[in-house]
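Taking it in order: structure first as structure tokens, then the write-up.
Predicted model only: the values in this text are computed from it and were never measured.
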Amino acid sequence: MVLIDRKILLGGIAMIIVGTILILYLNESMPVGVSGMTDEEAIDLILKQRENQDFTTLAGILIGVGFLLVLISFGARRKRPGSAKKTEKKPAQ
């Protein structure tokens with residue numbers, strides 16, 4: 001029997017799904033240039049493309065963190081309400 005923390009697992013899966021949707025959307029809406037653009041329009045296009053690439057990087061980081069949460073959820077153990085922290089008592093001298 002594998003111990004799974006379902007809250008962490010579902011949070012990780014949600015992050016993976018949201019990150020994937022963001023990457024698909026950002027790749028679909030990548031700004032493209034046309035021939036005969038002025039220098040100002042070309043610079044604006046380059047800035048928009050860089051911004052899009054930065055958001056894609058952030059979405060990739062979101063997927064990575066979600067994947068780590070999924071992995072962590074398989075090893076996470078919940079604290080039982082009745083369990084107390086064990087302490088050692090030193091013998092009296």
Side-chain angles (χ1 to χ4, degrees):
M1 183 173 157
V2 178
L3 296 174
I4 298 175
D5 190 350
R6 290 186 181 163
K7 289 181 183 178
I8 296 175
L9 178 68
L10 292 177
I13 291 173
M15 290 174 85
I16 291 172
I17 291 171
V18 169
T20 304
I21 290 171
L22 284 174
I23 285 182
L24 292 174
Y25 172 75
L26 290 170
N27 285 337
E28 189 67 29
S29 65
M30 176 66 95
V32 293
V34 293
S35 61
M37 294 174 59
T38 63
D39 289 339
E40 185 177 314
E41 290 173 336
I43 291 172
D44 189 41
L45 174 67
I46 291 171
L47 289 175
K48 286 182 182 179
Q49 287 177 342
R50 181 170 293 171
E51 182 179 314
N52 190 306
Q53 185 63 39
D54 292 343
F55 281 129
T56 303
T57 302
L58 288 174
I61 291 171
L62 183 68
I63 291 173
V65 171
F67 182 70
L68 286 175
L69 284 177
V70 168
L71 291 178
I72 289 170
S73 72
F74 287 105
R77 295 182 186 212
R78 288 189 174 177
K79 290 184 179 179
R80 295 183 183 163
S83 66
K85 189 175 182 181
K86 295 181 181 179
T87 58
E88 291 185 23
K89 294 183 180 179
K90 293 182 180 181
Q93 292 183 357

(request) With sequence neighbours excluded, give me every salt bridge (Lys or Arg N to Asp or Glu O under 4.0 Å) pair touching residues 29-45. (result)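 Sorted pair list: D44-K48.
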(request) Quick one: which residue pairs count as a salt bridge (Lys or Arg N to Asp or Glu O under 4.0 Å) with a foot in residues 49-67, not counting sequence neighbours? (result)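 Applying salt bridge (Lys or Arg N to Asp or Glu O under 4.0 Å) to every pair that reaches into residues 49-67, excluding sequence neighbours, yields nothing.
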I need the [X] [atom1] to [Y] [atom2] distance, nearest 0.5 Å.
X	Y	atom1	atom2	result
D5	F74	CG	CZ	11.0 Å
T57	I61	OG1	CD1	6.5 Å
S73	K7	OG	NZ	13.5 Å

(message) Taking L10 as the starting point, is it possible to reach I72 by hopping between hydrophobic residues whose side chains are less than 4.5 Å apart?
(response)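 No: no chain of side-chain contacts under 4.5 Å links I72 to L10.
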(request) Look at the side-chain heavy atoms of Ile, Leu, Val, Met, Phe, Trp and Tyr, link any pair under 4.5 Å apart, and say whether I63 and V70 land in one connected group. (result)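 No, because I63 and V70 fall into different hydrophobic clusters, even though each may have its own neighbours under 4.5 Å.
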(request) Please write out which residues are connected to I43 in a hydrophobic cluster, directly or through intermediates, given that two of Ile, Leu, Val, Met, Phe, Trp, Tyr count as joined at side-chain heavy-atom separations below 4.5 angstrom. (result)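 The other cluster members (ILVMFWY side chains, heavy atoms under 4.5 Å, direct or chained) are L47.
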Sequence neighbours excluded and cut-off under 3.5 Å, please list the side-chain donor-acceptor pairs for residues 14-37, or say none.
unit_1, atom_1, unit_2, atom_2, d
T20, OG1, I16, O, 2.7
N27, ND2, I23, O, 3.3
S29, OG, Y25, O, 3.1

